[in-house]
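Single-structure report; data block below.
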Amino acid sequence: YAAALAWVAAPDADSATLVATAFGMNAVLHFAWSPLFFKLRRPDWALVEILSFWLSILALILIMAPLSERAAWLLVPYIA
């Protein structure tokens, strides 16, 4: 829902591309943790990955805030 709000609020194509790219990178990091931790049994790599994941959520919040304050607030529980 946050992505849709920010996408609709994007004033131009570059902003919409930034929204899509930020959510895409976040999705990759979101789905990378489980294989690193459970399949490869690399908690050290998973720790580095989860820190990157948290930074990507923070980046999402900062990118969404100027476009849609509601979208940014919807992402706060995600990082919590």
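Listed here is the closest heavy atom pair of I63 and A22: CD1-CB, 3.8 Å. Taking each heavy atom of S52 and L29 in turn, the nearest pair found is O-CD1, 3.7 Å. Residues I61 and A72 share a closest heavy-atom pair of O-CB, 3.8 Å. Among all heavy-atom pairs drawn from L67 and A6, the shortest one is CD1-O, 4.2 Å. Minimum interatomic distance between W7 and V19 (heavy atoms only, all atoms of both residues): N-CG1, 4.2 Å.
Separation of the F31 and F53 ring centroids does not fall under the 6.0 Å cut-off. W33 and F38 have their aromatic ring centers within a separation under 6.0 angstrom.
When the side chains of ILVMFWY residues are joined at heavy-atom separations under 4.5 Å, either directly or via intervening members, W73 and L62 end up in a single hydrophobic cluster. No chain of hydrophobic side-chain contacts below 4.5 Å, direct or via other Ile, Leu, Val, Met, Phe, Trp or Tyr residues, connects V48 to I79. Hydrophobic clustering (ILVMFWY, side-chain heavy atoms < 4.5 Å, transitive): L60 and I50 are in one cluster.
Using a 4.5 Å heavy-atom cutoff, the side chains of W54 and L58 are not in contact. Contact annotation: the side chain of S56 never approaches that of V28 to less than 4.5 Å [non-hydrogen atoms, C-beta and beyond]. A heavy-atom distance below 4.5 Å is not found between the side chains of F37 and L47.
T21 places no side-chain N or O within donor-acceptor distance of the main-chain N or O of L18, the cut-off being under 3.5 Å.
Annotation: R70, atom CZ; neighbour count of heavy atoms from other residues, nucleotides and ligands within 6.0 Å does not exceed 12.
Judged as a side-chain hydrogen bond (donor to acceptor under 3.5 Å, both in side chains), and not counting sequence neighbours, S68 has no contacts.
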Candidate pair H30 and Y78, rule side chain to side chain contact (heavy atoms under 4.5 Å, CB included), full reasoning: CA-CA 11 Å; H30 178 87; Y78 190 34; 3.2 Å; yes

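If you take CG on L36 and CZ on R42, they are separated by 9.5 Å, rounding to the nearest 0.5 Å.
Defined by atom type and a distance below 3.5 Å, a donor-acceptor pair is present between the side-chain atoms of D12 and S15.
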